[in-house]
Peer 1: 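First the structure, which I've put down as structure tokens, then a few questions once you've had a look.
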Amino acid sequence: MKPLDPWADIRVNTPAGQLHARRVDESHPHDFFWAIDARGHRILVYRAESVVLAQKLPSLSGISLELESDRLVLRLVQNSDLEIFSTLCWSLIDRTRSAKSGQEVITRIVRHLERWQRFLGRGNRHLLTDEQIRGLICELVFLEHELIFRFGNGAIAFWRGPVGDPQDFSVGTTLFEIKSHAAGAAPILAISSAEQLWHASGELFLVAYAIGETPQGASGAISLSGTVTRSRHSLVGSGMAELFEDRLLEVGYTDHPEYERTFFSIAAPDIFRVADDFPRITKEMIRPGVCRVKYGIEIAVCLPYKAEPDWGVLGASHGC
């Protein structure tokens, strides 16, 4: 587990104009250092023979970015932001491990900082809720087990919910909405907007996963952090890793030790085809002026609509 304060064991009585520093990781192929300056500011330093940057550095609230001829310095200005700064630093360190050159390190750092600029600009400074964690795990499992398994890593582009589409995934004209629920006698699927079960053409499938907490050592136990890490590893060298990171930030996910502590078991999904008479609130039922509609559907009434998508046709339409 990565410490939230990796600067904790660095001396703070640093002389003016100097830094007390420690290498981040001897196994990392590039030179990153944890450091503390004379004012006690926590710092991440990337050092190289030459640091060249064509564009302007992003601007991050509470974090100072300083570019010199042989280094890039990230300095935490407000200690109240320690948690998010630590998360950002670990993220930069992980994203640069496979970089082949110093210039590629700089390119990756800037791209990632630009993502964080957008992320922080929306006020995303808090952990995901338990409901959001469960939902994200189910989306990632569907992405890995159903879409990437059938269509390859390019299926990352089918993940459309994070960028504002009503449904979570769009494969051509076929849409998939992913829902999680607790296993029980009468499980209910929470529909968070009426548009989630609307579609103008093609087919729409509602995919329901039963998910619950389980001990870490239990068979099949997964954490959110482990699920994200597994997906990242599968995307190395595929050209889709950057898009995947964008999607994670869009849903409000950043690496955090808290996401490593809770484990879940997840059952195989029930998949329902949303036909015209499917139990849902349709556009015609909503009077003008009614908005922000949320409701629940009992899974029991969905059972007559269980169906399997014609994956072969979807694959043909995407050249798979």
Side-chain angles (χ1 to χ4, degrees), residues 1-2 83-84 87-88 90-91 94-95 112 115-116 118-120 122-149 153 155-171 175-183 187-193 195-196 205-214 216 220-235 240-271 294:
M1 188 177 296
K2 298 169 182 173
E83 183 177 286
I84 198 127
T87 302
L88 169 60
W90 281 119
S91 183
D94 288 341
R95 298 305 166 272
H112 203 60
R115 292 193 191 97
W116 274 75
R118 297 192 299 271
F119 172 74
L120 295 175
R122 297 193 301 271
N124 295 313
R125 291 176 175 265
H126 304 289
L127 293 174
L128 298 174
T129 66
D130 182 64
E131 180 181 353
Q132 290 171 327
I133 289 172
R134 293 168 186 251
L136 181 54
I137 288 177
C138 292
E139 289 182 34
L140 292 174
V141 167
F142 179 79
L143 179 61
E144 176 187 357
H145 293 180
E146 306 295 345
L147 299 185
I148 292 179
F149 172 73
N153 289 328
I156 297 297
F158 301 157
W159 193 14
R160 300 294 305 168
V163 294
D165 284 13
Q167 291 80 31
D168 295 311
F169 295 91
S170 175
V171 186
L175 306 173
F176 296 90
E177 178 62 27
I178 314 303
K179 292 296 178 185
S180 65
H181 66 89
I188 294 176
L189 303 178
I191 309 302
S192 55
S193 73
E195 293 83 359
Q196 284 185 338
F205 291 91
L206 181 60
V207 183
Y209 286 93
I211 182 172
E213 289 190 27
T214 193
Q216 178 176 352
I222 59 175
S223 66
L224 176 54
S225 178
T227 305
V228 169
T229 298
R230 187 174 63 247
S231 295
R232 282 174 172 156
H233 287 168
S234 71
L235 295 172
M240 300 303 292
E242 296 286 328
L243 182 59
F244 182 67
E245 296 299 331
D246 282 342
R247 295 293 193 261
L248 289 176
L249 279 181
E250 291 289 348
V251 300
Y253 174 89
T254 58
D255 295 322
H256 194 285
E258 190 65 33
Y259 299 139
E260 303 173 12
R261 298 186 178 119
T262 305
F263 288 78
F264 301 88
S265 62
I266 183 169
D270 292 312
I271 303 179
K294 298 181 180 181

Peer 1: Which distance, rounded to the nearest 0.5 Å, do you find between the OG of Ser225 and the CZ of Arg230?
Peer 2: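 With rounding to 0.5 Å, OG (Ser225) is 11.0 Å from CZ (Arg230).
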Peer 1: Check whether any side-chain N or O of Thr262 sits under 3.5 Å from a backbone N or O of Glu258 as a donor-acceptor pair, and report yes or no.
Peer 2: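 Looks like no, no N/O pair under 3.5 Å.
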Peer 1: Taking ring pair (Phe, Tyr, Trp, His ring centres under 6.0 Å) as the criterion, tell me which of Phe205, Phe176, Phe158, Phe142 meets it with Phe169.
Peer 2: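 With Phe169 as partner, Phe205, Phe176, Phe158, Phe142 yield a single ring pair (Phe, Tyr, Trp, His ring centres under 6.0 Å), made by Phe142.
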Peer 1: Do Ile156 and Leu147 touch side chain to side chain, with heavy atoms closer than 4.5 Å?
Peer 2: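 No, side chains not in contact.
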Peer 1: Are the side chains of Ser91 and His112 in contact, using a 4.5 Å heavy-atom criterion?
Peer 2: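 They are in contact (side-chain heavy atoms under 4.5 Å apart), so the answer is yes.
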Peer 1: To the nearest 0.5 Å, what is the distance between CD1 on Ile133 and CG on Leu128?
Peer 2: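 Separation between the atoms: 6.0 Å.
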Peer 1: Under a 4.5 Å cut-off applied to non-hydrogen side-chain atoms, are Asp130 and Glu213 in contact?
Peer 2: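 Yes, their side chains come closer than 4.5 Å.
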Peer 1: Decide side chain to side chain contact (heavy atoms under 4.5 Å, CB included) for Leu248 and Trp159; before the verdict, give the C-alpha distance in whole Å, the side-chain angles of both, and the deciding distance to 0.1 Å.
Peer 2: CA-CA 10 Å; Leu248 289 176; Trp159 193 14; 4.1 Å; yes
Peer 1: Can you tell if the side chain of Trp90 reaches within under 4.5 Å of the side chain of Asp255, non-hydrogen atoms only?
Peer 2: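 No, too far: nothing below the 4.5 Å cut-off.
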Peer 1: Rounded to the nearest 0.5 Å, how far apart are CD of Glu146 and CD1 of Ile178?
Peer 2: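 Glu146 atom CD to Ile178 atom CD1 measures 8.5 Å (nearest 0.5 Å).
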Peer 1: Whether Arg247 and Glu250 form a salt bridge (side-chain N of Lys/Arg under 4.0 Å from carboxylate O of Asp/Glu) is what I want to check.
Peer 2: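 Salt bridge: no.
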Peer 1: Is any side-chain heavy atom of Leu224 less than 4.5 Å from a side-chain heavy atom of Leu140?
Peer 2: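 When only atoms from C-beta onward are counted, Leu140 and Leu224 do touch, with a gap below 4.5 Å.
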Peer 1: How long is the gap from CG on Leu243 to CD on Glu245, to the nearest 0.5 Å?
Peer 2: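 One gets 10.0 Å once the value is rounded to the nearest 0.5 Å.
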Peer 1: Check whether any side-chain heavy atom of Val141 sits under 4.5 Å from a side-chain heavy atom of Ile222, and report yes or no.
Peer 2: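 Val141 reaches Ile222 side chain to side chain.
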Peer 1: Would Asp246 and Arg118 count as a side chain to side chain contact (heavy atoms under 4.5 Å, CB included) if you check the C-alpha gap in whole Å, the side-chain angles of each, and the deciding distance to 0.1 Å?
Peer 2: CA-CA 10 Å; Asp246 282 342; Arg118 297 192 299 271; 3.5 Å; yes
Peer 1: What are the two closest heavy atoms between Phe244 and Val228, and how far apart are they?
Peer 2: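 Smallest heavy-atom distance, with atoms named: CE2-O, 4.2 Å.
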Peer 1: Quick check: are there more than 12 heavy atoms from other residues, nucleotides or ligands sitting under 6.0 Å from CD of Glu195?
Peer 2: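 Yes - once you tally the heavy atoms of other residues, nucleotides and ligands closer than 6.0 Å, there are more than 12.
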Peer 1: Quick one: does Glu260's side chain get under 4.5 Å of Gln216's, heavy atoms only?
Peer 2: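 They are not in contact (no side-chain heavy atoms under 4.5 Å apart), so the answer is no.
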Peer 1: Any donor-acceptor pair under 3.5 Å linking the side chain of Gln167 with the backbone of Gln196?
Peer 2: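 Checking the backbone N and O of Gln196 against the side chain of Gln167, a donor-acceptor pair under 3.5 Å is found.
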Peer 1: How many angstroms lie between atom OH of Tyr209 and atom OG of Ser180, to the nearest 0.5 angstrom?
Peer 2: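 Tyr209 OH to Ser180 OG: 11.0 Å, rounded to 0.5 Å.
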Peer 1: Would you check, one step at a time, whether the test side chain to side chain contact (heavy atoms under 4.5 Å, CB included) holds for Cys138 with Ile266?
Peer 2: CA-CA 8 Å; Cys138 292; Ile266 183 169; 3.7 Å; yes
Peer 1: Less than 4.5 Å apart, any side-chain heavy atom of Lys179 and any of Leu206?
Peer 2: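 Side-chain contact under 4.5 Å: yes.
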Peer 1: Just verifying a value: how many Å separate Glu83 CD and Leu127 CG, rounded to the nearest 0.5 Å?
Peer 2: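 CG of Leu127 is found 5.5 Å from CD of Glu83.
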Peer 1: What do the steps show when you test Thr254 against Trp116 for side chain to side chain contact (heavy atoms under 4.5 Å, CB included), and what is the final call?
Peer 2: CA-CA 9 Å; Thr254 58; Trp116 274 75; 3.5 Å; yes
